[in-house]
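In what follows, a structure is listed as structure tokens, so that the remarks can point back to it.
Naming: A, B, ... by sequence-line order, numbering from 1 per chain.
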Protein chains: 2
Amino acid sequence: MVAITIKDVAALAGVSVATASRVLSGSPATSPAARAGVAAAAAQLDYRPNAQARALRSTHTESIGLLVSDVRNPFFADLAHTVEQAALAAGYVTLLGNANERKEQQDRYLDTLISRRVDGIVVAPLGDGSGSIRSLIERKIPTVFVDRTVDGLDVPSVTTDSETGIRQAVAHLAAAGHTRIGYISGPQAISTGRDRFAAFTRAVAEFGLSQDPDLVYFGDFQAASGSAGVHALLELRQPPTALLAADSPMAVGAIAILHKRGLRIGRDVALIAFDDIEWFALLDPALSVISHSVEDMGRIAVKMLLEVIGGGTPESVVLPSELIIRASSSAPISGVPDSPAAVSPASGPSPRKN
Amino acid sequence: MVAITIKDVAALAGVSVATASRVLSGSPATSPAARAGVAAAAAQLDYRPNAQARALRSTHTESIGLLVSDVRNPFFADLAHTVEQAALAAGYVTLLGNANERKEQQDRYLDTLISRRVDGIVVAPLGDGSGSIRSLIERKIPTVFVDRTVDGLDVPSVTTDSETGIRQAVAHLAAAGHTRIGYISGPQAISTGRDRFAAFTRAVAEFGLSQDPDLVYFGDFQAASGSAGVHALLELRQPPTALLAADSPMAVGAIAILHKRGLRIGRDVALIAFDDIEWFALLDPALSVISHSVEDMGRIAVKMLLEVIGGGTPESVVLPSELIIRASSSAPISGVPDSPAAVSPASGPSPRKN
DNA sequence: CGTTTCCATGGAAACGATTCCACGACTACA
DNA sequence: TGTAGTCGTGGAATCGTTTCCATGGAAACG
């Protein structure tokens, strides 16, 4: 850890630190001779400016923070990738934090990002407006919410309109004759969990399908709860003939347990997932999904954050979602899955259809 | 962006900045009265220490950098997750960078991490020992290589012994009657690309299988090159009856194109991938993989980095790999894939076997 | 040739924290 | 009661950089 400072560079170039600093930061008020000397000295010593000292003096760091709720969720991995690329293109580096769907980790990272004086933060928030997320807005640190929002916090956001896609999915299932759709929901403490659940509830009512509350299982957006959800739903006296999972990890958990139970997706039970993940199309049968553009989301989030940093107050953006029909949901219903529970006489194509 | 400094806290508490600093950093040489006063003042003002200023004075930042080559590769997403959790448990925050398999982005992030004076860096390096990666070791910045190494750089590393797993895979395919195995390799500029290719070459020779150089396609560890590889291999006059992909994104690309060509994995052509990704087991047929533990890799990398930071020189670790046989490779060969190319009389179970 | 303007330069203050050092007050021991 | 040791405290130096301000020399003007 040998420390090479601007003082060393200045000494080698035979100028003062002030001049060296001016050259290194590209100030016009420098002579060609000084420019050449300092540049040569810096190169020779492999000088790297101390970002701490620089930030201490000049109050901006050319860096932004990105806090996602789960890096292992491919949706957020993709988001991290696009945000990072967009930020890099604008000259910012991205510090990525992973809240792991836990509020205390979110607070921990938020504190760190505040301490490190990032110029702005893109966050997929969880929890309510308490804790460090409140400090963020009280200190007027440029912030943009992505994918999720927090009630009562007036922060620009980029989110998805889940309504359209979910309505399309329910319509599609209803048209295939399904009347009992099992819904594996996200937690109601998270805005996307609430929105998607509300959209599902409205759609089910609109198409006259069963509103049996037992058909909804509340998971936590992680894989294990998808498995638990399928398990719970299939144990019902009147199990659903179609399943809708509110995010991709829960869909993965659902698929795993369906395989284990020997149920054929697309024939014994239809399945649709929210979030389009590249390899969902590679499954057999290919998985129907509700798709929304993670590239747009990341790109727009960065653009909005830069506006906020620049003093603007951009309007929030809502991106569309749409159903992509593949084999996992396209066969007409073939009856009740072979659940160990009693086969209910009320299932199958129902008179309540439409 | 209102700035609350330790000066404000000290003033409110009615003590000097020195005393405030001592209380806030938990020095024992403080009176209970001072402790209480300063703590109250800090809480009331919602004081967050300026990490820049702190680091400037005390030369360590309680943060590490993690530079992965591709966040969208689930292997590295998992790695990021474990590294971050392990670091957090040790009191460090992780700054994640994504090189995107591009050397100039790797250099860019490395420079940033050096500038920000992270206490140490875990990196999955790409390229040779030139560029910023050399500055890293010349400055004696604590560094640990993970997954990959760089020739000629004496840096502690955690890697996988690809040899065992690949040998098992080739043996398994040979036992099923395959004599022509197509290999979708990683780039030879990356250590894992070289190691796995070398292991494949040795295994193929050992088991007396075809060493036809056309059976090797050199990809870039990303999905598109997996597709291109399958395409090229199946166009051979004597196409392979089994495929081995050197990482998971290329396996995904391979599967996509096999589907598109209407080839049945596990029957028309066997497929094995390096890297065990959770959902590979969910494919139909389930994908045989060469598995290695990403959790161990991340955990050990952090442990080693902390040792280096503490002044130690830990031994490099090589983790084992093993074949996990699933349906994609377990059927005996059924002959030549229905390639649009002419069916060669020499393919199928061959006299050259063993 | 004298005065003004311009401009590159160096000295020094500032950013916000930590930490060395000195000081005063107190306890404890002889 | 005098001296030594302990302990909490404040002043000031320090980290590496940027930036304000003053300075001095050269160019430009009349």
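With rounding to the nearest 0.5 angstrom, the CZ atom of Arg194(B) is 7.5 Å from the CD atom of Gln188(B). Interatomic distance, Ile141(B) CD1 to Leu110(B) CG, rounded to the nearest 0.5 Å: 8.5 Å.
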Its dot-bracket string being built from Watson-Crick and G-U pairs below 3.5 Å, with | for another strand and [ ] for crossing, DNA chain D has the pattern ||||||||||||||||||||||||||||||
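A nucleotide of DNA chain C counts as in contact with chain A when one of its atoms lies under 4.0 Å from a heavy atom; the first and last such, 5' to 3', are dA8(C) to dG16(C).
Atom CZ of Arg57(B) is separated from atom P of dG16(D) by 10 Å (rounded to the nearest Å). Between the NZ atom of Lys7(A) and the P atom of dC15(D) there is a distance of 6 Å, rounded to whole Å. Atom CD1 in Ile4(A) sits roughly 12 Å away from atom P in dG16(D) (whole-Å rounding). As rounded to whole Å, 8 Å separates atom C1' of dG16(D) from atom CD1 of Ile6(A).
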Could you give the side-chain donor-acceptor pairs of residues 296-310 of chain B under 3.5 Å, partners two or more places apart or in another chain?
unit_1, atom_1, unit_2, atom_2, d
Asp296(B), OD1, Arg299(B), NH2, 2.9
Asp296(B), OD2, Ser293(B), OG, 3.4

Donor-acceptor pairs under 3.5 angstrom involving side-chain atoms of residues 85-98 of chain B: please list them, not counting sequence neighbours.
unit_1, atom_1, unit_2, atom_2, d
Gln85(B), OE1, Gln105(A), NE2, 3.3
Gln85(B), NE2, Gln105(A), OE1, 3.1
Asn98(B), OD1, Val71(B), N, 3.2
Asn98(B), OD1, Asn100(B), N, 3.1
Asn98(B), ND2, Glu84(A), OE1, 2.8

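Arg35(A) and Thr30(A) are linked by a side-chain donor-acceptor pair at a separation below 3.5 angstrom, with hydrogens and angles left out of the test. Counting only N and O atoms by type, the side chains of Ser63(B) and Arg116(A) include a donor and acceptor under 3.5 Å apart. Defined by atom type and a distance below 3.5 Å, a donor-acceptor pair is present between the side-chain atoms of Thr19(B) and Ser16(B).
Formation of a donor-acceptor pair under 3.5 Å by the Arg134(A) side chain with backbone atoms of Gly129(A) is found in this model. For Asp8(A) (side chain) and Thr5(A) (main-chain N/O), a donor-acceptor pair under 3.5 Å exists by modelled atom type. With hydrogens and angles ignored, the 3.5 Å screen pairs a side-chain donor or acceptor of Asp119(A) with a backbone N or O of Glu62(A). At distances below 3.5 Å, not a single donor-acceptor pair connects side-chain atoms of Thr149(B) with backbone N or O atoms of Phe145(B).
A salt bridge links Glu101(B) and Arg148(B); the closest N-O separation between the charged side-chain nitrogens and carboxylate oxygens is under 4.0 Å.
For the contact set between residues 10-18 of chain B and DNA chain D, defined by any heavy atom under 4.0 Å, the members are Val15(B), Ser16(B), Ala18(B). Listed by residue number, Ser21(B), Arg22(B) are the residues of residues 20-39 of chain B with a heavy-atom contact under 4.0 Å to DNA chain C.
Listed here is the closest heavy atom pair of Val9(A) and Ala42(A): CG1-N, 3.9 Å.
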